[in-house]
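Values below: all heavy atoms of this structure, side chains included; hydrogens, waters and symmetry mates excluded. One is the number of the first residue; the rest follow in order along the sequence.
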Amino acid sequence: MTITNKPLSEDEKKTLKKAFKIRFILAVFFLLPLFCLLLITSNITIQQFVDSDYDGMSFFVLGLIIIVVFLVFKYVIPFYMKAYKNTKEINKLVIATHVINLEKKITPKGIRHIITTEYRTIDQWTTSILDHQTPFYFSDAYVGMSLEIHCLENNKTDILRIKKT
């Protein structure tokens, strides 16, 4: 296994920016209605507490609001901050490695491929491959296969490219 540090090409920078823009649009599409609903619900719940007209459901809704806000601050905001930081990266890691183990799991949701290399484990369902100019098919992988993984240093969910070597 060899790890080299190389500068990002202009196409890779565009790919990272495009991924951020798509994720941002999806966030606006899904999180904006959730935020509006949360704001209206919290306003109604606070008004019930101010008027001393609260009951068990008011406490349930208040707990639900606290849980949703906690989850947004714990998972959603850091995800988008990291995605934004990825657009500012100037270097990438190029890892030449070999496949050590393959797992193929058949689930009700579909076929899941998990590849274990010398560098890390790549799960088809939790890892995004951003550049599909030369597509990598997980089903074509075999034990001992040489791979070249192009990724960012501090990002375990996005891979720029995987090449067979």
Worksheet item: Is there a donor-acceptor pair under 3.5 Å between the side chain of D55 and the backbone N or O of S58?
Response: yes
Nearest heavy-atom approach of I115 to A141 is CD1-CB, 3.8 Å
| task | Please test L160 against L8 for side-chain contact (heavy atoms from CB on, under 4.5 Å), starting from the C-alpha separation and ending with a verdict. | result | CA-CA 10 Å; L160 294 170; L8 283 169; 3.5 Å; yes
* Asked: Above 12 or not: heavy atoms from other molecules or residues under 6.0 Å from CE of M1?
  -> yes
* Does NZ in K164 sit with more than 12 non-hydrogen atoms of other residues, nucleotides or ligands closer than 6.0 Å? -> yes
| field | Stepwise ring pair (Phe, Tyr, Trp, His ring centres under 6.0 Å) check, F29 with F24 | value | CA-CA 9 Å; F29 184 72; F24 186 76; over 10 Å; no
Between F49 and F59, is the gap from one ring center to the other below 6.0 Å? yes
Intermediate values then yes/no, side chain to side chain donor-acceptor pair (under 3.5 Å), T165 and E148 = CA-CA 7 Å; T165 55; E148 189 175 86; over 6 Å; no
Residues D123, K156: salt bridge by 4.0 Å N-O rule: no
Between D158 and the options R23, K18, K92, the salt bridge (Lys or Arg N to Asp or Glu O under 4.0 Å) test singles out R23
**Asked** In terms of heavy-atom contacts, does NZ of K17 have more than 12 from other residues, nucleotides or ligands at under 6.0 Å?
**Response** no
Tell me yes or no: between the side chains of D51 and Q47, is some donor less than 3.5 Å from an acceptor? yes
**Trace of the side-chain contact (heavy atoms from CB on, under 4.5 Å) decision for K109 with W125** = CA-CA 11 Å; K109 294 180 184 177; W125 286 5; 3.8 Å; yes
Exercise. Is any side-chain N of the basic residue among R161 and E12 closer than 4.0 Å to the acidic one's carboxylate O?
Worked result: yes
**Asked** Counting only heavy atoms not in I77, do more than 12 fall under 6.0 Å of its CD1?
**Response** yes
Quiz item: Would you say T45's side chain and L62's backbone share a donor-acceptor pair under 3.5 angstrom?
Solution: no
Fill in: Main-chain N/O of N154 paired to K82 side chain as donor or acceptor, under 3.5 Å
yes
